[in-house]
Amino acid sequence: MRVRTTDHVEGEVSREMSWEPTNVERDRLEKLARLTELGIEAYPPRVERTHTAAQAIAAFEAVEDDPEAAESIEVTVCGRVRRINIKGKVAFWHIEDGSGRVQLMIRLDNVGEATYALVQDKLIELDDFVQARGVMMRTRSGEVSVQVYELRLLAKAVSPLPVIKEKVEEDGTISRFGEFSDKETRYRQRYADLAVNPDVREVFRKRARMISALRRFLDDEGFLEVETPILQPIYGGAAARPFITHHNQLDQDLYLRISFELYLKRLLVGMYDAVYEIGRDFRNEGVSFKHNPEFTQIEFYKAYIDYHGVMDLTERLLAFVVQQVTGDTVITYQGHRIDFRPPWKRLTLHEAILATTGIDYKQHPDAASLRAAMRQRGYQARDDATWGKLVDSLLGEVEPTLIQPTFILDYPRDISPFAKMLPGDPTHVERFEFFIGGMEMGNAFTELNDPQDQEARFLEMGRLYAEDQDEATPLDEDYLRAMRYGMPPCGGWGMGVDRLAMLLTDQRSIRDVLLFPHMRDEEA
RNA sequence: GGCCCCGUAGCUCAAUUGGCAGAGCAGUUGACUCUUAAUCAAUUGGUUGGAGGUUCGAGUCCUCCCGGGGUCACCA
C-alpha cells in the first residue's frame with residue numbers, strides 16, 4: 001500500500017501563509033497534508049519513552065553476553081531522524097536525542113505495510129521527530145540498534161536542517177561531510193546551528209558548568225547571592241553609555257544598568273559581610289569580537305578585605321572554576337597554553353606601561369606633557385583625553401601582551417572614582433585589573449568608603465566628563481546617603497563572564513559564547 | 001563611525017579578458033530485507049542580497065543601499 005500525492009493537497013499548501021516556502025518546504029507541506037489525509041497526527045500531544053538513545057545502547061551492551069537476556073531488552077526511544085538509508089524492504093535510520101544517536105532497523109515484516117509505506121515514501125523523513133518501540137539487537141555489521149516494531153511520528157519538520165553527514169571512523173573520531181558554517185545564519189538561527197553542530201552545543205554546556213562552578217565557589221566561601229535592579233533611576237558604577245527606557249504609568253525615565261556596583265555596596269551597609277550577583281549588564285556602545293550590548297557580569301563585595309585579599313580570592317576562584325570545567329588548571333586558548341595556578345604575575349600599571357611602551361607616565365603628570373610623549377613615540381593621543389584616559393589608552397598597548405593570568409595594579413585616581421587612595425600617593429588608587437589571553441577580564445579595588453571623599457569624586461567626575469555628557473558619571477545621592485550610615489572597609493570585584501567562557505571554550509569571538517548574540521534587523 | 005573583504009540553489013562551493021548560471025549533498029522518481037557519508041539510474045530546483053548605471057551583452061565593471069566578517073576609533 002503506497003501513499004501517493006493527490007490533487008486535493010494543493011488547497012492545503014496554498015492557504016494563507018506569513019512566509020514564503022522553498023521548494024523543499026512545499027514538498028514537506030504536501031507530505032504533511034497527506035499525513036493528515038491518512039488520519040495521522042503530525043504533532044500528537046502524548047509521548048512515551050523508556051530509554052534515551054544512550055541508555056538503550058548501554059542496557060543492551062550490559063547483558064549482550066547472555067543471548068536470552070539481550071533479546072529481551074525492549075525499549076521505546078524518541079528522537080530526531082538524522083540519517084536515512086532505505087534499502088528496499090528494510091530501512092536503517094539514525095535518531096538523535098540529547099544523549100546521542102541510536103540506529104533503528106525498520107523492516108516491512110515487523111512494522112506492517114501501512115507504517116512501512118510512511119518510511120518508504122518518506123512521509124516521515126530527515127529531521128522529523130519520531131518514537132520507536134522495539135527490541136535491542138546488534139546488526140551483522142556490528143551496530144547496536146533497535147529492531148523496530150512500532151513507529152510513530154512525534155513532530156513533523158517543515159523546514160529541513162542544513163545537511164551534514166557524519167561518519168564514525170575506526171578510531172572513534174567523527175568525520176563530517178558538509179557543514180553549516182555561515183556565521184550570520186548560524187547566529188540568527190542558533191536553533192539550527194545547535195541542532196546540527198554538536199560542538200556548539202558543547203560550548204554552552206561548558207558555559208553552564210562554568211557559571212555553576214562560580215556560584216559553588218562563592219557560596220562555599222560564605223557569599224550571599226543577591227539580585228539588584230536592572231531598571232535603575234540613576235545608572236553608575238562604570239563609565240559607559242546606558243540604554244534609556246521609560247515607565248509609562250509612572251512617567252519615569254529609567255536606565256538599564258551598566259554595572260551592579262553601587263547597589264551591591266549598599267548591601268554591605270546593610271550588614272551583609274559578603275554578597276555577589278551574576279547577571280546582565282547593558283552598555284550602549286560598539287559591538288566587537290569582545291563586546292555585546294548586553295553581557296553577563298559577575299561582581300562580588302566582601303567586607304574586611306582589601307584589594308590584596310581580592311587578588312587572593314581571584315586566583316583561587318579562577319583556578320577552581322577552570323579545574324571544575326576542564327579537569328585541569330591549564331587551558332589552551334588560540335594556541336596559547338595558559339596556566340591558572342596561583343600565584344599569578346603582579347605588576348603595577350606604571351611598570352607595565354614603562355616596560356611595553358618605554359613611557360614613564362609619572363614623568364608626565366599632566367595631560368599635555370603625556371600626550372606629547374605619546375605622540376613622540378608614535379602612539380595616538382586624542383586632544384580631548386584627560387590624563388587618566390591617556391594612561392588608560394597606554395594600557396591598551398599592554399593588554400594584548402598579557403597572555404598568562406596577570407594582575408595590573410595601582411591605577412590613576414581620576415579614572416577610578418570608587419577606589420580608595422593608595423597610601424602616600426594621592427594620584428593613584430588601590431585598584432587592579434586582571435588580564436588573561438590578551439583580554440581584560442575584570443576589575444577590582446579596595447572600595448572607597450569615605451562618604452565625603454566619594455562625594456568629591458562624583459563632583460570631580462562630573463567636571464572631568466562634562467564635555468562628554470554621554471559618559472558622565474551621575475551623582476547618586478542615595479548611594480552617598482547609604483555610605484554616610486557607615487560602610488565597612490571592603491574589597492570589590494567584577495569579571496566578564498562571557499570572556500571567561502571564551503577562554504574556557506577556546507572561542508575567539510564573544511558571539512560564539514552567546515546563544516543569541518545581538519544582530520541588526522534582518523530586513524530594512 | 002572610517003577603511004578592507006565578503007554575499008551565487010535548502011547547505012557547502014564553482015563559473016577563464018565581461019560571452020549559454022554549474023557541481024556535490026538534500027529533495028523528487030525508480031531498484032534493492034543487515035545498511036551506515038549506502039550504492040546505482042533518471043530528475044526538479046536560481047529575481048546571482050537590493051536598486052540604479054556602463055555595455056551589443058553584467059554573477060563579473062561603476063555608484064548607492066541592506067546584511068555579515070575583519071580592522072581602527074570608541075569602550076575607567
Contact class for [X] vs. all strands (heavy atom < 4.0 Å): base, sugar-phosphate, or nothing?
| X | value |
| --- | --- |
| Glu179(A) | sugar-phosphate |
| Phe445(A) | nothing |
| Lys31(A) | sugar-phosphate |
| Glu166(A) | sugar-phosphate |
| Pro417(A) | base |
| Leu161(A) | nothing |
| Ser288(A) | nothing |
| Arg520(A) | sugar-phosphate |
| Arg28(A) | nothing |
| Gly237(A) | base |

Taking N and O atoms by type only, does the side chain of Ser141(A) place a donor or acceptor under 3.5 Å from a partner on the base of rU36(B)? yes
Determine whether a donor-acceptor pair (one donor, one acceptor, N or O, separation below 3.5 Å) exists between the side chain of Asp109(A) and the base of rU33(B). yes
Can a side chain N or O of [X] be found less than 4.0 Å away from OP1 or OP2 on [N]?
| X | N | value |
| --- | --- | --- |
| Gln380(A) | rA73(B) | yes |
| Arg186(A) | rU12(B) | no |
| Lys167(A) | rU36(B) | no |
| Arg188(A) | rG68(B) | yes |
| Arg511(A) | rG69(B) | yes |
| Lys165(A) | rA26(B) | yes |
| Lys87(A) | rU39(B) | no |

Distance in Å, Glu299(A) CD paired with Glu261(A) CD, rounded so as to fall on 0.5 Å steps: 6.0 Å
Could you give the distance from CD (Glu37(A)) to CG (Leu123(A)), rounded to the nearest 0.5 Å? 12.0 Å
Closest nucleotide among [options] to the [X] side chain:
| X | options | value |
| --- | --- | --- |
| Glu125(A) | rU71(B), rU28(B), rU36(B) | rU28(B) |
| Phe289(A) | rC34(B), rG70(B), rA38(B) | rG70(B) |
| Thr139(A) | rC34(B), rC75(B), rU71(B) | rC34(B) |
| Ser181(A) | rU36(B), rA26(B), rU12(B) | rU12(B) |
| His94(A) | rU12(B), rU36(B), rC34(B) | rU36(B) |

CA sep, side-chain torsions, deciding dist, call: Val146(A), Val77(A), side-chain contact (heavy atoms from CB on, under 4.5 Å): CA-CA 9 Å; Val146(A) 181; Val77(A) 291; 4.3 Å; yes
Using the benzene-type ring in the case of Trp, are the ring centres of His518(A) and Phe282(A) under 6.0 Å apart? no
Phe458(A)/Phe418(A) aromatic ring centres below 6.0 Å: yes
Checking N1-N3 plus N6-O4 or O6-N4 for Watson-Crick, or N1-O2 and O6-N3 for wobble, each under 3.5 Å, the partner of rC3(B) is rG70(B)
Decide whether Glu169(A) and Ser175(A) meet the rule of one side-chain donor and one side-chain acceptor closer than 3.5 Å. yes
